[in-house]
Undergrad: 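Before I ask anything, here is the structure I am working with.
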Amino acid sequence: MKRLQLSDHLVLIGGVIFMVAPVMIAIMTSTHDAITIYKSGLQFLPGGQMLENYETVLFRAGGFTKEVNGLVMMKNSLILGLGFAIGKIVISMLAAYAIVYFRFPMATLCFWVIFCTLLLPLEVRILPSYEIVQSLGMTNTYSGLIVPLIASATGTFFFRQFFMSVPDELLEAARIDGAGPWKFFFDILVPLSKTMIAAIFIIMFVYGWNQYLWPTLITTDEALFTLVRGIKQIMQVWVGAQIPALNEAMALAILAMLPPVIVVVIFQSWFIKGLVESDK
Amino acid sequence: MATITLDQVRKVYGGVVEAVKGVSVDIADGEFIVLVGPSGCGKSTLLRMIAGLEDITTGEIKIGDRVVNNVDPADRDIAMVFQNYALYPHMSVYNNLAYGLKNRGMAKDEIDRRVKEAARILEIGDYLDRKPRALSGGQRQRVAMGRAIVREPAAFLFDEPLSNLDAKLRVQMRVEIKRLQRSLGTTSVYVTHDQLEAMTLADRLIVLNGGNIEQIGAPIDVYDKPASTFVAGFIGSPAMNLLPVKAVDGGLGLETGSGLSVPNLHGQDKCLLGVRPEHLEVVDQLPNGPHAQVTVNVLEPVGAESYLYASFENGGPEIVIRVSSHAVHKPGEKLFLGIKPENLHFFESQSGKRIGD
């Protein structure tokens with residue numbers, strides 16, 4: 001029994017190392033100067049350049065126009081991630097509400113049409129999407145970045161399944177209590193969906209934060225660059241004839257990782273609480 | 001408080017399935033009406049039509065003097081208690097009670113007064129701050145009733161409110177609902193499939209079958225004079241014995257053979273004879289009056305009394321006899337049964353309708 005436990009722990013520790021080591025290496029590497037990294041590769045021990053490196057990527061204006069620094073890019077990424085996640089939640093909740101609670105012709109068909117768009121990822125429709133955004137003059141704007149992406153078949157599907165599991169009697173009790181469609185939605189359904197919202201927020205925020213292709217296409221103005229693009233930018237612009245600024249790229253990558261980690265950590269506790277306490 | 005009037009109320013689903021087939025009934029102010037019937041008889045549909053949760057296909061429903069066919073549930077001045085309680089899970093007990101009043105735009109202190117009053121009546125004052133999930137089934141049931149009481153409605157509608165409780169609590173809550181309804185004097189319509197609940201609660205019973213009213217009446221009248229074989233079989237436990245009989249020399253005998261002799265009170269050639277288990281009396285000798293001769297199959301003691309399952313010599317349906325709990329009868333034992341003529345019920349063979357009064 002003891003031996004079994006020991007081997008269990010070994011397996012778990014192995015898993016942890018496997019998952020965490022790349023992140024640790026990135027953190028360690030980001031604390032050295034570029035020359036060390038260029039000469040002796042990735043670093044496993046902390047170096048002395050940490051503050052300098054992070055200060056550089058956060059505050060030194062870089063890029064072609066020298067207008068954008070790490071903070072600005074982080075702000076852009078946050079706007080994209082939050083707008084993406086919140087927009088998707090609002091739109092898909094309303095869509096699911098309509099599909100589940102209102103009888104309109106071909107409701108089921110509508111749902112399946114929405115569901116089928118799951119089969120068409122962004123990459124498939126990227127040219128027509130770009131064409132529309134461009135003809136509306138929305139390139140190089142936040143709304144151009146966010147709005148075309150917030151329709152979510154996944155979110156609609158999850159909320160639909162959740163709403164269908166809410167007992168009908170709750171709706172009937174609310175109707176007798178004088179709650180109209182909006183009141184029922186805001187007073188009953190939204191509070192009940194809290195855990196569902198948290199789960200979808202996690203997924204969608206990370207998904208939005210990590211978008212690369214769409215922001216690359218829509219934003220040419222460096223002031224709108226996101227962190228994920230910025231990492232690439234460092235490698236391109238700052239290299240030149242000099243040594244690649246791998247230390248700064250690593251630092252930016254670590255910074256780019258932080259907000260999604262924070263979101264997951266915060267919402268995970270809600271998420272698990274919701275799973276443990278059955279509310280319905 | 002108000003009367004409720006149903007006039008030829010029908011419900012047709014999808015133009016095909018007729019769930020309620022023209023029900024008319026006048027419910028008096030303060031009356032406790034129980035709709036009872038097997039599942040699928042239309043009792044819940046009828047209640048939901050009164051509540052306004054289902055459209056009325058044809059006919060008219062009046063609460064007080066107002067026709068409510070096209071009135072929203074919230075504006076009908078009714079309150080409903082659901083089988084699964086339908087409490088708002090994310091709200092405290094207090095807010096569950098107050099929600100409907102808030103939506104009505106009632107003043108805060110009036111809401112508070114009413115909620116406290118309902119909590120006092122139902123003895124749920126100690127857990128007004130709790131969420132429903134922290135309550136037991138019985139407490140949730142009380143909260144659901146509280147939500148109805150605070151509305152001070154013209155009518156209470158109960159949709160099988162006790163079905164989710166265990167047997168002991170059910171009896172306790174049954175008594176409580178009756179006491180509460182008596183003291184509040186609010187017109188109530190109560191749906192159940194449990195004939196015992198129906199008997200104990202109702203001022204008047206409405207027995208429904210296949211969307212039709214089989215019988216309306218005080219519980220004891222329905223019990224004493226069931227209008228049809230359906231009512232006879234549904235009200236009373238164990239159910240009334242129903243035996244196909246035909247005219248023989250000097251009265252009526254079993255269609256399948258001998259073993260039964262009762263007077264032919266209504267001059268029928270063929271009919272169904274009904275006798276309740278408690279009206280069959282085990283006697284020592286073959287009596288002169290109506291009687292039966294059976295063989296014991298099983299003795300089923302339930303504590304306060306026992307039920308004998310017995311059959312006639314030449315087949316025919318098995319009958320149930322209520323005997324005292326201390327009676328000792330072995331399977332295979334032959335018994336003589338005496339029946340008083342006034343305890344005999346006669347029904348038409350085809351339609352199942354009661355013959356005579």
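Convention: sequence-line order gives letters A, B, ...; per-chain numbering from 1.
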Undergrad: Just wondering, more than 12 heavy atoms not from A:F102 lying within 6.0 Å of its CZ?
TA: yes
Undergrad: Pick from B:D72, B:L157, B:I78: which one makes a side-chain contact (heavy atoms from CB on, under 4.5 Å) with A:I176?
TA: B:I78
Undergrad: Locate the shortest heavy-atom distance separating B:A86 from A:A173; write the atom from each residue and the value.
TA: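 Nearest heavy atoms, B:A86 then A:A173: O-CB, 3.9 Å.
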Undergrad: How close do B:Y99 and A:A179 get, heavy atom to heavy atom, and via which atoms?
TA: OH-CB, 3.5 Å
Undergrad: State whether the number of non-hydrogen atoms from other residues, nucleotides or ligands found under 6.0 Å of B:D65 atom CG is greater than 12.
TA: no
Undergrad: Which atom names give the shortest non-hydrogen contact between B:A74 and A:G178, and what distance separates them?
TA: CB-CA, 3.3 Å
Undergrad: How far apart are the closest heavy atoms of B:N103 and A:K183, and which atoms are they?
TA: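 Closest pair (atom of B:N103, atom of A:K183, distance): OD1-CE, 2.9 Å.
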Undergrad: Assess whether atom OH of A:Y207 is packed by more than 12 heavy atoms of other residues, nucleotides or ligands within 6.0 Å.
TA: no
Undergrad: Go through A:I188 and B:H90 one step at a time and tell me if the side-chain contact (heavy atoms from CB on, under 4.5 Å) criterion holds.
TA: CA-CA 8 Å; A:I188 315 284; B:H90 57 291; 4.2 Å; yes
Undergrad: Is it the case that over 12 heavy atoms from other parts of the model lie below 6.0 angstrom from the CG atom of A:D168?
TA: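 No.
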Undergrad: Below 4.5 Å from any heavy atom of chain A, which atoms of B:R48 appear? Answer side chain, backbone, both or neither.
TA: side chain
Undergrad: Is it the case that more than 12 heavy atoms not belonging to B:D75 sit under 6.0 Å from its CG atom?
TA: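 Counting other residues, nucleotides and ligands, CG of B:D75 exceeds 12 neighbours.
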Undergrad: Can you tell me if OH on B:Y94 sees more than 12 non-hydrogen neighbours from other groups inside 6.0 Å?
TA: yes
Undergrad: For the residue pair B:P89 and A:L192, what are the closest heavy atoms and their distance?
TA: CG-CD2, 3.4 Å
Undergrad: Minimum heavy-atom separation for A:R175 to B:G52, with atom names?
TA: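 Taking every non-hydrogen atom into account, NH2-O, 3.5 Å.
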Undergrad: Which answer fits A:D187, side chain, backbone, both or neither, if we ask what part of it has an atom under 4.5 Å from a heavy atom of chain B?
TA: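 For A:D187, backbone and side chain are both near chain B.
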Undergrad: Testing B:L87, B:N84, B:D159 for side-chain contact (heavy atoms from CB on, under 4.5 Å) with A:E169, which one passes?
TA: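 Going through the options one by one, the only one that passes is B:N84.
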Undergrad: Compare all side-chain heavy atoms of B:R104 with those of A:D177 and state whether any distance is below 4.5 angstrom.
TA: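 No. Closest side-chain heavy atoms not under 4.5 Å.
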